[in-house]
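Structure first, then comments.
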Amino acid sequence: YSDLLNKEVPELVITGLGTIRDVNVFPGGWSPTEWVLREQLSTVRGAHRFQMGGEAGRAYNILWHTRYYLPGYQFASVLDFIDDEPIEMRRTVDPRTGEPISTRADQQIWEAAAFFQDDWKARRNVTINMGLRYDYFGPYTDKHDRLRNFVPGPGTTIGQQIASGKVDVVPKGWNTDKLNIAPRFGFAWDVGAQGKNVVRGGYGISYDRMATVYTAGYRENPPLASTATLG
C-alpha cells in the first residue's frame, strides 16, 4: 500500500494530450498540531450576567510538498514523447549546489485572546449586550530557521527599495499587530413584551490569523530552494 502512495512518477505535460502526474506528489506530507488552553467564568449579579475568559494556543504545522523533486517534463507532441525529446524539464534544486531537494516548512505561531461581556437585562423586554475582546496573533516562525520573505533593499523610494531588494532568510513572517481590540454591542427588544415580535441588532469587530497554507509557500523560495527550468 505504501508503494502505491509513494510512486516516483514524474510530471509529464504533452501538448494535445494534457498532463500526466501522480496525484500523490512525492515526497510530501502535512502534519498539523495545535495545543489550546481555555478558561471561562460566568456570574449573575442582579440584572447583569457577566462573562470573562481567555485562551492561549500554540500551532505547529509541518508542510512537506515538493512538486518538482522528481523532474517534470514538457513535450511538444505525442511523437516527441514517444521519441523521448522533451522541450523543457523542471526540477526543484538547492541554488547553492544545484542538487535536487525536497522542500519543507515547519511553521510555529503563538496565539492568545481575552474577552469580557455584560448581558444586561435593562427592562423585562429589553436585553443589551456589551463586550470587549482582545486577540494576539504572533508572527509565523520556522522551527529550523528556514523562513523566507522579501527584504527591501536600500533606496529613498519604495520603487528603489523593491528594485534593490531580494528574497532572503528572515527570523519571522511579519511585525505583530498588538492592537487587535474588538468591541461588541448588541440588543434584543421584545416589542409589546408578548414574545411574538423581537427586534435584534448588533455590531462587532473580529480578527483572525492569516491562512496557514498560503504562507507556507516560502519553502520553495530562494536562497534555500528554487525551481530550475532547462530547455
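This chain uses plain numbering: 1 for the first residue, then up along the sequence.
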* **side-chain contact (heavy atoms from CB on, under 4.5 Å) evaluation trace for F137 with D135** => CA-CA 7 Å; F137 302 101; D135 286 289; 3.6 Å; yes
* Please test R96 against L224 for side-chain contact (heavy atoms from CB on, under 4.5 Å), starting from the C-alpha separation and ending with a verdict. => CA-CA 7 Å; R96 299 165 297 183; L224 305 183; 3.5 Å; yes
* Criterion side-chain contact (heavy atoms from CB on, under 4.5 Å) on E34 and E111, from CA distance to verdict -> CA-CA 11 Å; E34 187 165 353; E111 301 174 340; 4.2 Å; yes
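Side chain to side chain, E88 and Y73 fail the donor-acceptor criterion of an N or O pair below 3.5 Å. Side chain to side chain, Y207 and D177 fail the donor-acceptor criterion of an N or O pair below 3.5 Å.
Using a 4.5 Å heavy-atom cutoff, the side chains of I14 and F81 are in contact. Inter-residue side-chain proximity for N129 and R184 is flagged as unmet; no heavy-atom pair is nearer than 4.5 Å.
Of all heavy-atom pairs spanning F50 and R45, the tightest one is CE1-CB, 3.9 Å. Considering all non-hydrogen atoms of both residues, Q108 and Y60 come closest at CG-CD1, 3.7 Å.
Under the side chain to side chain contact (heavy atoms under 4.5 Å, CB included) criterion, N149 pairs with V170, sequence neighbours left out.
Taking the charged nitrogens against the carboxylate oxygens, K143 and D106 have no contact shorter than 4.0 Å, which rules out a salt bridge.
Remark: aromatic rings of W174 and Y140 are close, center separation under 6.0 Å.
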